[in-house]
Amino acid sequence: MNTVVLELQDIAIQDVETTDDSLFVDLRDGRTITVPLAWYPRLLHGTAEERRHWRLIGQGAGIHWPELDEDLSIEGLILGRPSSESVQPLQRWLKSREVKRANGNNHLDEQ
């Protein structure tokens, strides 16, 4: 049995971009990882503005989207791991977004 060991301490995220259906993560070593937004439902359901508001965490080891309460790691991206969030927490989060819309937070509608 072959085992792959990744040395992730030398890999860091440099930039992040999204489209309506994809996430592009540029690494400092010149590579770009592209994954479908469908892998990350909070990003998929977020507005373009919310997806543009991200910050690097852990010196480029991960990405945080504060308005979407989403964190992704370089390890998960490289290994091709989609979100492991279960249905119930995601449904609660989506419901809270509906409540915010109903209460007049119109920025959630800017997709």
Side-chain angles (χ1 to χ4, degrees):
M1 176 179 187
N2 293 332
T3 303
V4 175
V5 177
L6 297 173
E7 295 295 329
L8 294 174
Q9 67 269 16
D10 296 330
I11 302 172
I13 299 165
Q14 178 174 308
D15 197 16
V16 176
E17 186 178 331
T18 61
T19 63
D20 288 339
D21 58 3
S22 296
L23 169 67
F24 302 90
V25 179
D26 293 333
L27 305 181
R28 290 189 191 143
D29 65 8
R31 291 180 288 169
T32 299
I33 298 171
T34 305
V35 296
L37 276 189
W39 283 11
Y40 308 106
R42 289 182 184 230
L43 293 178
L44 183 64
H45 290 285
T47 65
E49 181 180 338
E50 289 169 325
R51 289 192 301 263
R52 279 191 299 270
H53 186 215
W54 56 271
R55 66 180 178 88
L56 295 177
I57 53 178
Q59 298 177 345
I63 315 158
H64 174 67
W65 285 267
E67 287 118 1
L68 300 172
D69 193 23
E70 181 71 274
D71 297 294
L72 301 181
S73 71
I74 188 65
E75 178 181 9
L77 289 164
I78 287 175
L79 295 175
R81 290 185 190 142
S83 173
S84 61
E85 184 171 22
S86 64
V87 173
Q88 289 175 329
L90 179 61
Q91 292 299 324
R92 281 193 300 271
W93 179 77
L94 288 169
K95 184 70 172 173
S96 75
R97 289 176 65 80
E98 291 174 16
V99 169
K100 287 178 184 178
R101 277 193 187 106
N103 290 332
N105 287 348
N106 294 331
H107 77 279
L108 293 177
D109 293 325
E110 299 171 6
Q111 291 206 46

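Values below: every heavy atom of this structure, side chains too, minus hydrogens, waters and symmetry copies.
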(request) Indicate if Ile57 and Val16 have the same hydrophobic cluster label, given that clusters are the connected sets of ILVMFWY residues with side-chain heavy-atom separations under 4.5 angstrom. (result) no

(message) Taking the basic N atoms (NZ, or NE/NH1/NH2) and the acidic carboxylate oxygens, is any pair closer than 4.0 Å for Arg51 and Asp20?
(response) yes

(message) I'd like to know whether CD of Gln91 has more than 12 heavy-atom contacts from other residues, nucleotides or ligands below 6.0 angstrom.
(response) yes

(request) Quick one: closest heavy-atom pair of Leu90 and Arg42, and the distance? (result) CD1-CG, 4.2 Å

(message) With rounding to the nearest 0.5 angstrom, report the NE2 to CH2 distance, His45 to Trp93.
(response) 7.0 Å

(request) Work out which heavy atom in Asp26 is nearest to a heavy atom in Thr32; give both atom names and the distance. (result) OD1-OG1, 2.7 Å

(message) Glu70 vs Tyr40, test: side chain to side chain contact (heavy atoms under 4.5 Å, CB included). Steps then yes/no.
(response) CA-CA 9 Å; Glu70 181 71 274; Tyr40 308 106; 4.0 Å; yes

(request) To the nearest 0.5 Å, tell me how far His53 NE2 sits from His64 NE2. (result) 8.5 Å

(request) Look up atom CD1 in Ile13 and atom CD1 in Ile74, then write down how far apart they are to the nearest 0.5 Å. (result) 4.5 Å

(message) Return the OG to CG distance between Ser83 and Leu44, rounded to the nearest 0.5 Å.
(response) 11.0 Å

(request) Please answer: with hydrophobic residues joined when any side-chain heavy atoms are less than 4.5 Å apart, are Phe24 and Leu27 in the same cluster? (result) no

(request) Please lay out, stage by stage, how Thr47 and Glu67 fare under the test side chain to side chain contact (heavy atoms under 4.5 Å, CB included). (result) CA-CA 10 Å; Thr47 65; Glu67 287 118 1; over 6 Å; no

(message) Show, in sequence, the C-alpha distance, side-chain angles and deciding distance for Glu50 and Arg97, and conclude whether the salt bridge (Lys or Arg N to Asp or Glu O under 4.0 Å) test is met.
(response) CA-CA 12 Å; Glu50 289 169 325; Arg97 289 176 65 80; 3.0 Å; yes

(request) Decide side chain to side chain contact (heavy atoms under 4.5 Å, CB included) for Trp54 and Asp71; before the verdict, give the C-alpha distance in whole Å, the side-chain angles of both, and the deciding distance to 0.1 Å. (result) CA-CA 9 Å; Trp54 56 271; Asp71 297 294; over 6 Å; no

(request) For Gly76 and Ser73, work out which heavy atoms get closest and say how close. (result) N-OG, 2.9 Å

(request) Give me the one residue out of Leu72, Thr34, Ile33 that meets side-chain contact (heavy atoms from CB on, under 4.5 Å) with Leu23. (result) Leu72

(request) Can you measure from CG (Leu43) to OG1 (Thr18) and round to the nearest 0.5 angstrom? (result) 7.5 Å

